[in-house]
Amino acid sequence: MTVFDQNLADLNPTQLEAVTLPHQSALILAGAGSGKTRVLTTRMAWLMQTGQASPASILAVTFTNKAAKEMTTRLSSLLPVNTRHMWIGTFHGLCNRFLRAHHKDANLPATFQILDTQDQLSAIKRLLKGMNIDTERFKPKEVQYFINGNKEEGLRANDVIADDFFRRKLVEIFSAYEAQCQREGVVDFPELLLRAYEVLKSNEALRTHYQERFTHILVDEFQDTNALQYAWLKLLSSPRTAVMAVGDDDQSIYGFRGARVENMRLFEQEFAQGHVVKLEQNYRSYGHILGAANALIRENANRLGKELWTDRGHGEAVRVYEADTDLSEARFVVEEIMAQIANGIARSDIAVLYRANAQSRVIEHALFNAGIPYRVYGGLRFFERAEIKHALAYLRLIDNPHDDTAFMRVVNFPTRGIGSRTIELLQDYARAHDCSLFSAVVGMSGTAGGKLAHFTKMIDGMRFDTQHLPLPELVDHINVHSGLLAHYKAEREGQDRVDNLNELVTAAAAFTQIEGYESDITASTSGADASVLTPLAGFLSHAALEAGDNQAQAGQDAVQLMTVHAAKGLEFHTVFILGLEEGLCPHENSLSDEGGVEEERRLMYVAITRARNKLYMTLARSRMLHGQTRYGVRSRFLDELPEEHLKWLTPRLSNYNGGSNGASYDGGYTAWEQTAMAREQSAPSFGSHKAKENTTLGYRMGQSVSHAKFGTGVIVKLEGSGEDTRAYINFGTKVGIKCLALNIAKLERL
DNA sequence: ATTCGTTTTTTTTTT
DNA sequence: AAAAACGAAT
């Protein structure tokens, strides 16, 4: 019996049904932990094993590089197939591949560069300056949001309806931005998809070629697709294509970047036509964990309907811990982690999850002091570091001198006497002649012109000197000859940056090893203009699209720290979810979005369902946030979890809605838990204080106040006394009730 | 032109 | 708290 046969035999009946569906489109509603990836990979293996499909006729698309890698690995473990020639990747990665192969049809230079979010923002800032636009009225971030939002709906500037002055101006900026990108030969993230979509739409020969080639399309995490991705899939499939979409509406957490859960219903009608398979058996979590997750997600309206079950037994109740401060929250987590490690749980099987990247600092500090190895995902990633972006900018200029974003980044870094006035003149000349900054240099005179010419000569010289060098040596050459290495070596705190620059050479070498799809582009697209992608161009798009897992030492057994978003698709023996406070979870910025709270609830659902055996949820009554102490109220999501699944390690204090305050002690605490509880209880807990009259800094119940950010509200409850007085203030339906420290919060009495 | 010090703003999540 | 933007001095 082969590995594949064994795998097939181990599937449950519903999974088997999904894997062996006949040649038709279908929607697989796959709950958390129901074996979604397994179904997907086994389906691909099954198609090939039974001769229904060849590796080249399968297109498998995911959202994250991690998921794509996972799929590839698992597929190769099932079947001896060369996955390098298969189209498995992210939407962005595959579109990049497509555009590289058909850059002429897409009206792009062979060496087009990809702008990441940062690059795009600086390109927009530059554009707004050039157009003399008031960046107070048109904030670069908002312009970026506008442009990307429209592109994700498949709209170009002239497709957008503008009925007032403000929107007309935005459209005008959008249009100028498109022209700028085109002139510079750069594309942003949504552009990759939109451009690929447009090429397929307008070029019938190409469309037919791919429609006939891909007889099977498989889409992972379908609930995260946006309108453009949906349209792209529709274009790529003919009536004879079998499209299998796997998704879970309850795990849709990317609404902020245009994801549309409705696509699932739409897909069911337009593609699947009723062929729906529901995977509802959860193989991951114990009953209490799953029970909590199910109860929470039931609070959401508008679900496709699905209830997970497990036969793994109840397991342990979810532990809830309310700490005094974020520091004591971190201390508790670290102590429990130490206990878990002592119990023989692998460090890499323990995860600490939080809502925002900024929350990682405190916990990192505590882990570091305890000497526990950890690994942080997200945050500032390798390819996003300033020194790396500088080096990449030089590389980009070598590949494409007309990339103005790259030009601006390094024309005066390290400093070479080219200041803002010189740049301004250069930009004026470039605009007047409708050319790139690089080309505009010839039009500059005087000393400034000489300095600029020196810079462009240096770039040209580097290109000439490196034309026959292998990629890693090329990178090293640039590090040296750009002056970057020397610059950082001279800096007192520059050693880390020097190390990173050298690390970039290593990354280039590693990339050279794994890279190897160019040959496939050439082979797969007969008739099309198959250009040879240079290793450098390949490396640069790799840098933009993958941004690199920020820490290289992946091999070490370390505790995993990440945001809930980053944790999707992963599972761990033990999971800690931090910061269960209103304002953080749900995040205060989400409250004003339509459906924002429901998305936050799904986020919490994703977090809970990451845990296999043990789950902790913690909150801190006070927390350093944005440089000041903020007092939080227990998250509504905690109150939505049934008591039967929870075990409170600290007394459950009453909250503003007067919810149940009965602490549930069911005995059987571990020694760790007992010391932790004793510590929390010995600390003065403000819930036990009685507010004394006249010592509340002059505030009283029912008083109306105004806050710079939250607007006007009314005090509904006062706690503590003197300098420590805190007030619960109702700021209305949009903001809700906030707990603020009266000596810190800048309130105005009304 | 560059550097240094001060002020202001910003902080959700990601390809 | 940290980064970015701004402004004054060199």
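Atoms considered below: every heavy atom in the structure, side chains included; atoms not considered: hydrogens, waters and symmetry mates. In this text, all values refer to a predicted model and were calculated from it rather than measured experimentally. Note on naming: letters A, B, ... go to the chains in the order of the sequence lines (proteins, then strands), and numbering restarts at 1 for each one.
- Within the nucleic acid shown, A:Thr422 comes within 4.0 Å of sugar-phosphate atoms alone, with no base atom in reach, counting heavy atoms only.
- Whole-Å rounding puts the A:Leu452 CG to B:dA1 C1' distance at 13 Å.
- In this structure, the nucleotide among B:dT11, B:dT15, B:dT13 sitting nearest to the side chain of A:Asn589 is B:dT11.
- Of the residues in residues 253-262 of chain A, those lying under 4.0 Å from DNA chain B by heavy-atom distance are A:Tyr254, A:Phe256, A:Arg257.
- Here the side chain of A:Asn357 is nearest to one of B:dT3, B:dT12, B:dT14, namely B:dT14.
- Closest contact between the side chain of A:Thr117 and the listed nucleotides B:dT15, B:dT13, B:dT2 involves B:dT15.
- Along DNA chain B, the nucleotide nearest A:Glu152 and the nucleotide nearest A:Thr415 are compared for position; the residue whose nucleotide lies closer to the 5' end is A:Thr415.
- Looking at A:Glu581, its side chain does come within 3.5 Å of a backbone N or O of A:Ala620 through a donor-acceptor pair.
- Using a 4.0 Å heavy-atom cutoff across all strands shown, A:Lys125 reaches sugar-phosphate atoms only and no base atom.
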Apply salt bridge (Lys or Arg N to Asp or Glu O under 4.0 Å) to A:Arg602 and A:Glu599, showing your working.
-> CA-CA 5 Å; A:Arg602 290 194 293 268; A:Glu599 177 146 326; 3.5 Å; yes

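- Following rounding to the nearest Å, A:Leu578 (CG) and B:dT12 (P) show an atom-to-atom distance of 19 Å.
- Residue A:Asn96 places no side-chain N or O under 4.0 Å from the OP1 or OP2 atom of B:dT15.
- Nucleic acid contact class of A:Arg416 (heavy atoms, under 4.0 Å, all strands): sugar-phosphate only.
- Going from atom CD of A:Glu384 over to atom P of B:dT15 covers 9 Å, rounded to whole Å.
- Comparing A:Phe189 and A:Gly417 along DNA chain B, the residue whose closest nucleotide (by nearest heavy atom) sits nearer the 5' end is A:Gly417.
- B:dT14 atom C1' lies 15 Å from atom CE of A:Met562, rounded to whole Å.
- Listed candidates were B:dT13, C:dA1, B:dT15. Nearest to the side chain of A:His565 is B:dT13.
- A salt bridge links A:Glu191 with A:Arg156: the closest approach of a Lys/Arg side-chain nitrogen to an acidic carboxylate oxygen falls below 4.0 angstrom.
- Partner assigned to C:dT10 is B:dA1, using Watson-Crick or G-U wobble distances below 3.5 angstrom.
- For A:Thr64 and B:dT14, the shortest distance from a side-chain N or O to OP1 or OP2 is not below 4.0 Å.
- Look at B:dT15: it lacks any Watson-Crick or wobble partner with both distances under 3.5 angstrom.
- One can place OH of A:Tyr145 at 12 Å from C1' of B:dT12, the figure rounded to the nearest angstrom.
- The residue A:Lys66 sits apart from the nucleic acid: no heavy atom pair falls under 4.0 Å.
- Whole-Å rounding puts the A:Gln118 CD to B:dT14 P distance at 14 Å.
- Each of A:Asp248, A:Asp220, A:Asp250, A:Asp224 was checked for a salt bridge (charged side-chain N to carboxylate O under 4.0 Å, His left out) with A:Lys568, and the lone residue meeting it is A:Asp224.
- Between the side chain of A:His587 and the base of B:dT12 there is no donor-acceptor pair of N/O atoms closer than 3.5 Å.
- Look at CZ on A:Arg602: it is 15 Å from C1' on B:dT12, rounded to the nearest Å.
- For A:Arg361, whose side chain is taken as the heavy atoms from C-beta onward, the closest listed nucleotide among B:dT13, B:dT10, C:dA2 is C:dA2.
- For the OP1/OP2 pair of B:dT11 and a distance below 4.0 Å, the side-chain nitrogens and oxygens of A:Lys141 include at least one atom meeting the criterion.
- For the pair A:Lys234 and A:Phe267, the cation does not sit on the ring face, since its NZ or CZ is not both under 6.0 Å from the ring centre and inside 45° of the axis.
- Nearest nucleotide to the side chain of A:His92, out of B:dT12, B:dT15, B:dT10: B:dT15.
- Salt bridge present: A:Asp119 and A:Lys389 bring a charged side-chain N and a carboxylate O closer than 4.0 Å.
- For the C1' atoms, the distance from B:dT12 to C:dA5 is 23 Å, rounded to whole Å.
- Proximity of a side-chain donor or acceptor of A:Ser622 to a complementary backbone N or O of A:Tyr631 within less than 3.5 Å is not detected.
- Closest to the side chain of A:Met624, out of C:dA1, B:dT13, B:dT15, is C:dA1.
- Of the candidate nucleotides B:dT11, B:dT15, B:dT14, B:dT14 has the atom lying nearest to any side-chain atom of A:Ala566.
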Begin with the C-alpha distance, continue with both residues' side-chain angles, and end with the deciding distance and a verdict on salt bridge (Lys or Arg N to Asp or Glu O under 4.0 Å) for A:Glu299 and A:Arg601.
-> CA-CA 8 Å; A:Glu299 299 282 329; A:Arg601 192 176 283 111; 5.1 Å; no

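- Atom pair A:His542:NE2 and B:dT15:P shows a separation of 13 Å (rounding to whole Å applied).
- Judged by distance alone, the side chains of A:Asn400 and A:Thr111 never bring a donor and an acceptor atom under 3.5 Å apart.
- Within the nucleic acid shown, A:Asp116 has no heavy atom closer than 4.0 Å to any nucleic acid atom.
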